[in-house]
Amino acid sequence: RPVNIPRREKDFQGMLEYKKEDELKLVKNLILELKPRGVAVSMIPGLPAYILFMCLRHADYLNDDQKVRALLTSVINSIKKILKKRGDDFETVSFWLANTCRFLHCLKQYSGDEQFMKFNSSKQNEHCLSNFDLTEYRQVLSDLAIQIYQQLIKCMENILQPMIVSGMLEHETIQGVSGVKPTGLRKRTSSVADEGTFTLDSIIRQLNSFHSIMCNHGNDPELIKQVVKQQFYIIGAVTLNNLLLRKDMCSWSKGMQIRYNVSQLEEWLREKNLMVCGAKETLEPLIQAAQLLQVKKKTDEDAEAICSMCNSMSTAQIVKVLNLYTPVNAFEERVSVTFIRTIQNRLRDRKESPQLLLDTKVIYPVTFPFNPSSLALDTIQIPNSLNLAFLTRV
Amino acid sequence: LRPFSRPRVLLKAPTLAEMEEMNLFEDEESP
C-alpha cells in the first residue's frame, strides 16, 4: 500500500539568486510596476524589502561588489522614481516608506554588527552578510526614508487640510449650544457645497484610513506615532490659526464645541493606543484657546488665572482671542480694554516670538528606531503574482 | 566559533543625489 510520506522541503539559506541581466526586470516588477492595491494586498508586510535583501545577500555571498552596488543603486533609484510618479498617492508613499524602512532594518539586522543582533535567532545570525560592510549605504537609505516621510506628510496634509476648518470649527455637533448667532456676523461657508461639508466625523474617518493603510503596509509602530503627532499638529495649528482670524469663531459656545472636538480626537488616540506619542500635546495651544473662550475675563484674579493657564499660547495669541471675543448670549460680556491691558502687563516679561499664527508647514524631525524582524529569511516564499520566477531560492 | 569574525569590506556609497545621476533607466517621461 503506498504510503504518503511528506517530502522534506529543501533547506534554504535565505538567499535569492539572480542573473546580472535580470536586475532591471527585478526592480521593474517589484518596485516600478507593483501596485500597493493590487497583488501587494495579500503579501506579508515588507515582502518587497525582504526579497530585495535576499537578492542582495546572494550578491554579497558571491563577493561581487559590483553586483551589490548595482543592485542597491537600482533599488534606491527605482523607489525614488516611483515616488516621483505617484508621490501624491498616500498608499504608494506609505507602502514604500514601510519597505524602505524594512530594507534598512534588514541591512542593520544582518550586518554582523553586534548592536543590531541582540534579538536575532541563531538561524538569523547565520544569514548575516559575509563580505561587505554596507554602513554607508544605510546612510543613503536613511536619507531616502526621510525624503519619503516628508512626502507622506505633504500627501497627508493635502488630504486633511481642506477638512480642518469645516470639521473642527464650523460644523456644530453640539446642538443648541451656540444659540443665537452673534449679530452682524456673516456665517462663513467654505467653498464646498453643503453636502460636501466636512465634519469632525470626516476627519476621524480620514485618520482611521491613514492609520489602517500604514498598519497594513507594515510601517513601524514608532513611525506611525510620529505621523500621528504630525497630523495632530496640523489639525491644531490650522484650527487655531483660523480661530485667530475669525471673530465668529471666538465665542463661549465655539469654545465648548472645540473642546468637544478635541475630546473626540483624544478618544481616537486612546482607541488606537497612541496616547503617548506626543500628539495630544500638539493640541495644547488650541485647547488653551478654547478654555480662554470659556473662562471669566473680568477681574485681576481672572487675569492671573488666564496667564498661568495659557502657557502654550503666545501673548499675541492670547490678546488676539480676547480682542475677538464676541458675546453671543445675554450672560456674556465683551472683554474690557482694561482687562486686556492687565493681561499684556502681566505677560510683558515673557520671552517669546511675537508671531501670531502657527507655522503649519513645520515638520517635526523624524527618526527610524531599529525594529528587527523575527521572520526567518529561509522561510520566505515568493507569490507567483509578483512575476519573479527568474529568481532562484538558494 | 563565530561565523562572521572575518572583517567585511566597506563599500563606499555615493550620496542620494550622486546616485540619481547614475540612474540606469531611460526616463520614459523625458523627450
Side-chain angles (χ1 to χ4, degrees), chain A residues 20 23-24 26-28 31-32 56 59-60 63-85 100 107 110-114 117 120 122-148, chain B:
Chain A
K20 181 77 192 81
E23 183 197 284
L24 287 182
L26 170 66
V27 293
K28 188 164 171 265
I31 303 176
L32 296 168
L56 187 73
D60 166 80
N63 203 4
D64 185 341
D65 66 320
Q66 283 312 314
K67 202 173 181 187
V68 169
R69 277 183 224 270
L71 179 62
L72 285 165
T73 306
S74 293
V75 167
I76 292 167
N77 281 335
S78 302
I79 296 175
K80 286 191 75 164
K81 189 171 175 150
I82 191 69
L83 289 165
K84 215 170 186 178
K85 198 171 164 192
T100 303
L107 284 175
Y110 298 103
S111 62
D113 187 336
E114 276 182 31
M117 292 164 62
N120 281 2
S122 50
K123 184 65 134 324
Q124 284 179 318
N125 281 340
E126 286 171 22
H127 292 162
C128 282
L129 296 170
S130 45
N131 291 304
F132 299 112
D133 173 348
L134 301 177
T135 312
E136 288 198 6
Y137 278 93
R138 292 205 308 250
Q139 186 55 53
V140 181
L141 274 158
S142 173
D143 292 346
L144 176 64
I146 292 173
Q147 279 190 6
I148 305 175
Chain B
L1 195 68
R2 292 156 62 85
F4 26 72
S5 47
R6 193 158 54 98
R8 294 169 180 78
V9 177
L10 176 74
L11 281 198
K12 300 293 277 177
T15 65
L16 207 47
E18 287 165 346
M19 207 173 265
E20 201 161 4
E21 281 165 25
M22 305 176 201
N23 201 346
L24 305 167
F25 302 105
E26 292 294 318
D27 201 339
E28 297 133 26
E29 279 85 23
S30 66

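Residue numbers begin at 1 in each chain, while the letters A, B, ... track the order of the sequences. Worth knowing before you read on, the calculation uses all heavy atoms, side chains too, and leaves out hydrogens, waters and symmetry mates.
In this structure, chain B has a heavy atom under 4.5 Å from the side chain of A:Q147, while its backbone stays farther away. With a threshold of 4.5 angstrom between heavy atoms, A:L144 approaches chain B through its backbone and through its side chain.
For B:R8 (side chain) and A:S111 (main-chain N/O), a donor-acceptor pair under 3.5 Å exists by modelled atom type.
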query: Going through the checks in order, is the side chain to side chain contact (heavy atoms under 4.5 Å, CB included) test met by B:V9 and A:D65?
result: CA-CA 9 Å; B:V9 177; A:D65 66 320; over 6 Å; no

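A distance of 8.0 Å separates CG in A:L72 from CG in B:L11, rounded to the nearest 0.5 Å. To the nearest 0.5 Å, atoms NZ (B:K12) and OH (A:Y137) are separated by 11.0 Å.
In this structure, A:I76 and B:L16 have side chains that are in contact, with non-hydrogen atoms separated by less than 4.5 Å.
Closest of all the heavy-atom pairs between A:V140 and B:P14 is CG2-O, 3.2 Å.
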